[in-house]
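Residues take their numbers from the sequence shown, with the count starting at 1.
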Amino acid sequence: MKFNFWLIIAVTLFHCSCQPNFPKLKYNGLSLVASRDSLKTAHILPLKNVNANTVALMPFAFLQDQNSPELHFNHDRQWWGERVDGVQQNIQLLQENGIKIMLKPQIWIWHGEFTGDLNMTSEEHWQTFENSYLEYILLYAELAEKEQISLFCIGTELYNFTEERPEFWQKMIAEVRKVYSGKITYAENWDKVDRFELWDELDFIGVDAYFPVSEAKNPTEDELIAGWKSHKKMLQQLSSTYKKQILFTEYGYRNVDFATKEPWQASTRRRGDKVPENLNEELQAKALQVIYDEFWPENWFAGGFLWKWHHDHERAGGKQNDRFTPQNKLAEKTVKVNYGKFVN
């Protein structure tokens with residue numbers, strides 16, 4: 001009995017000593033949609049009301065199509081919140097109100113083509129694109145350092161780019177480290193997060209967490225938990241392999257039937273269309289609750305950024321809106337209650 005007791009103690013101490021000492025901070029994040037005009041204090045109160053402690057700001061760059069080598073960014077034609085001046089004003093006001101920032105520059109390809117498939121047709125085009133992308137990322141990395149932002153995301157869903165040009169990404173990470181002293185992550189799509197090969201060089205494993213978890217029209221909570229099982233196991237193993245926390249750089253659901261079947265699908269309804277008949281705000285709230293129950297208590301999980309939140313809260317979302325935002329829907333209370341459990 002004595003031998004067995006000390007053997008158990010030794011094994012336990014060894015196991016504990018191998019576990020990374022992860023910080024307890026949880027990013028209770030919201031992805032804040034850029035506004036046409038400057039942000040006001042009144043716009044911040046609703047996001048604080050749901051106990052958010054961090055906001056992702058997303059200054060977009062644009063490509064004409066998947067083969068176009070020249071990025072367009074920080075132009076006067078862009079909305080205020082997508083340009084350097086607007087982003088800086090947003091940062092300063094948010095930080096004055098106690099909200100931390102993840103700065104997350106990302107690419108939009110016209111007509112909404114998937115950035116993960118981005119490819120260039122020649123070495124010359126690759127070089128042009130890389131120079132343009134590096135300039136874009138360093139512009140905002142320097143701003144992040146100037147404003148002492150705690151978290152910077154160097155790309156979003158660019159798997160083919162990272163796979164085809166790993167030397168560029170290693171060089172870019174080094175260049176970002178030269179000008180920015182905070183934490184760095186990258187946001188990979190849910191189906192490629194375990195294939196990205198540069199997690200060792202970053203501080204968090206970022207995943208846009210639109211994992212399919214159920215094909216049912218209105219799955220039960222138990223069905224959703226079962227659907228997450230294999231994905232959660234993969235993410236935990238990934239965290240263990242790299243000894244880094246998982247961060248949901250994006251997560252969320254629409255308030256519609258089948259919302260958890262292909263969660264990445266955006267609405268196809270156009271302005272002026274009739275209210276869809278498949279609205280299901282209970283499923284949106286339930287699916288979010290399962291994420292909070294399954295992930296937020298885990299020490300290997302750093303938190304996440306809900307997709308998405310609009311600055312004009314009174315006019316955002318609502319029960320007839322079928323988009324991702326939880327604003328003025330049942331899901332808003334779900335976010336508030338669960339973020340309130342992990343206030344930092």
Taking W199 for the side chain and V193 for the main chain, is one N or O donor matched with an acceptor at less than 3.5 Å?
yes

Of the non-hydrogen atoms in N51 and G340, which two are nearest, and what is the gap between them?
ND2-CA, 3.4 Å

As a test of understanding, state which of Y186, Y159, Y242 forms a ring-ring contact (aromatic ring centres under 6.0 Å, His included) with F196.
Y186

Say whether, by atom type as modelled, one donor and one acceptor occur between the side chain of K48 and the main chain of N97 under 3.5 angstrom.
yes

Exceeds 12 heavy-atom contacts within 6.0 angstrom, atom NZ of K232:
yes

Does any N or O in the side chain of Q284 come within less than 3.5 Å of the main-chain N or O of F324, such that one atom is a donor and the other an acceptor?
yes

Hey, does the side chain of E175 reach the backbone of L134 with a donor-acceptor pair shorter than 3.5 angstrom?
no

Quick check on H75: does its NE2 atom have over 12 non-hydrogen neighbours (other residues, nucleotides or ligands) under 6.0 Å away?
yes

Does the Q265 side chain pair with the main chain of E262, one donor and one acceptor, at a distance under 3.5 Å?
no

Just by distance, do the side chain of R323 and the backbone of A266 share a donor-acceptor pair under 3.5 Å?
no

Distance check, rounded to the nearest 0.5 Å: L235 atom CG versus F301 atom CZ?
8.5 Å

Under 3.5 Å, is there a donor-acceptor pair between the E124 and Q127 side chains?
no

Taking every heavy atom of F305 against every heavy atom of L247, the minimum-distance pair comes out as CE1-CD1, 4.1 Å

Tell me whether E197 at atom CD has more than 12 heavy atoms from other residues, nucleotides or ligands lying less than 6.0 Å away.
no

Can you tell me if W108 has over 12 outside heavy atoms packed within less than 6.0 Å of its CH2?
no

Parallel, tilted or perpendicular: which describes the rings of W110 and F62, with under 30° parallel and over 60° perpendicular?
tilted

Spell out, yes or no, whether L143 and W80 are grouped together once hydrophobic residues are joined by side-chain heavy atoms under 4.5 Å, including indirect joins.
no

A side-chain contact here means heavy atoms from C-beta on lying under 4.5 Å apart; do I246 and W300 qualify?
yes

If hydrophobic clusters are built from ILVMFWY residues whose side chains come within less than 4.5 Å, do V87 and V179 share one?
yes

Among Y210, Y27, W190, W296, the one residue meeting ring-ring contact (aromatic ring centres under 6.0 Å, His included) with Y251:
W296

Quick check: closest heavy atoms across W126 and L118, and the distance to 0.1 Å?
CH2-O, 4.5 Å

Might you confirm whether atom CD of Q170 has over 12 heavy atoms from other residues, nucleotides or ligands at distances under 6.0 Å?
yes

Hey, are the side chains of I107 and L63 touching, using non-hydrogen atoms and a 4.5 Å cut-off?
yes

State, with a plain yes or no, whether a side-chain heavy atom of K286 is found less than 4.5 Å away from one of N218.
yes

Are L198 and F168 joined in one hydrophobic group, where the rule is that I, L, V, M, F, W and Y side chains link up if heavy atoms are under 4.5 Å apart?
yes

Centroid-centroid distance, W228 to F295, less than 6.0 Å:
yes

In short, D191 meets N189 closest at the heavy-atom pair OD1-ND2, 2.8 Å

Give the C-alpha distance, both sets of side-chain angles, the deciding distance and a yes or no for salt bridge (Lys or Arg N to Asp or Glu O under 4.0 Å) between R177 and D203.
CA-CA 11 Å; R177 296 280 190 198; D203 299 301; 3.0 Å; yes

Any luck finding a side-chain donor-acceptor pair between K329 and N321 under 3.5 Å?
yes

So F152 and Y180, would you call those rings parallel, tilted or perpendicular, with 30° and 60° as cut-offs?
tilted

Answer yes when E163 and R195 have at least one side-chain N-carboxylate O distance shorter than 4.0 Å, and no when they do not.
no

Same cluster for I205 and M234 if Ile/Leu/Val/Met/Phe/Trp/Tyr side chains link at under 4.5 Å?
yes

Exercise: identify the closest heavy-atom pair between T249 and G206:
OG1-C, 3.8 Å

Which distance, rounded to the nearest 0.5 Å, do you find between the OG1 of T260 and the CG of N280?
9.5 Å

Give a yes-or-no answer on whether the side chains of N160 and D117 include a donor-acceptor pair shorter than 3.5 Å.
no

CG/L306 to OG1/T325 distance, rounded to the nearest 0.5 angstrom?
7.5 Å

Side-chain touch F258/N278, heavy atoms, less than 4.5 angstrom
no

Step through it carefully: locate the ring centre of Y339, locate the ring centre of Y292, and say whether they are under 6.0 Å apart.
yes

Would you say that F73 contacts V84 through its side chain, given a criterion of any heavy-atom pair below 4.5 Å between the two side chains?
no

Just checking, is any N or O donor in the side chain of K336 or T334 under 3.5 Å from an acceptor N or O on the other one?
no

Taking the side chain as every heavy atom from C-beta outward, state whether Y253 and P326 have any atom pair closer than 4.5 Å.
no

Check: H231 side chain, P212 main-chain N or O, donor-acceptor pair, under 3.5 Å
yes

List the atom of S214, the atom of P219, and the distance in Å for their closest heavy-atom pair.
OG-CB, 3.3 Å

With no hydrogens and no angle check, just 3.5 Å: does a side-chain donor-acceptor pair link E147 and Q88?
yes

Considering only NZ, NE, NH1 and NH2 on the basic side and carboxylate oxygens on the acidic side, decide whether E250 and K308 come within less than 4.0 Å.
no

Have N338 and Q289 got a donor and an acceptor in their side chains that come within less than 3.5 Å?
yes

To the nearest 0.5 angstrom, please state how far the CE atom of M102 sits from the OG atom of S31.
6.0 Å

Here the gap from L30 atom CG to Q327 atom CD, rounded to the nearest 0.5 Å, amounts to 8.0 Å

Polar side chain donor-acceptor pair, T128 to E70, under 3.5 angstrom
no

Hey, is the main chain of L330 close enough, under 3.5 Å, to the side chain of K319 for a donor-acceptor pair?
no

Look at the rings of Y133 and F161 and say which category their plane angle falls in: under 30° parallel, 30 to 60° tilted, over 60° perpendicular.
perpendicular

Do other residues, nucleotides or ligands put more than 12 heavy atoms under 6.0 Å from Q64 CD?
no

Is any side-chain heavy atom of N28 less than 4.5 Å from a side-chain heavy atom of T54?
no

Are the side chain of K244 and the backbone N or O of L238 linked by a donor-acceptor pair below 3.5 Å?
no

Taking the side chain as every heavy atom from C-beta outward, state whether L57 and K104 have any atom pair closer than 4.5 Å.
no

Taking the side chain from E82 and the backbone from P59, do they hold a donor-acceptor pair closer than 3.5 Å?
no

Taking atom CD of E164 as the centre, does the number of heavy atoms from other residues, nucleotides or ligands within less than 6.0 Å exceed 12?
yes

Tell me, yes or no, whether the heavy-atom count around K192 atom NZ, taken from other residues, nucleotides or ligands under 6.0 Å, exceeds 12.
yes

To the nearest 0.5 Å, atom CD of E188 lies from atom CG of L202 at 11.5 Å

According to a 4.5 Å side-chain heavy-atom criterion applied to Ile, Leu, Val, Met, Phe, Trp and Tyr, with indirect links allowed, do L93 and I149 form part of one hydrophobic cluster?
yes

Considering only NZ, NE, NH1 and NH2 on the basic side and carboxylate oxygens on the acidic side, decide whether D312 and R36 come within less than 4.0 Å.
no

Indicate whether any N or O donor in one side chain lies under 3.5 Å from an N or O acceptor in the other, for D85 and Q89.
no

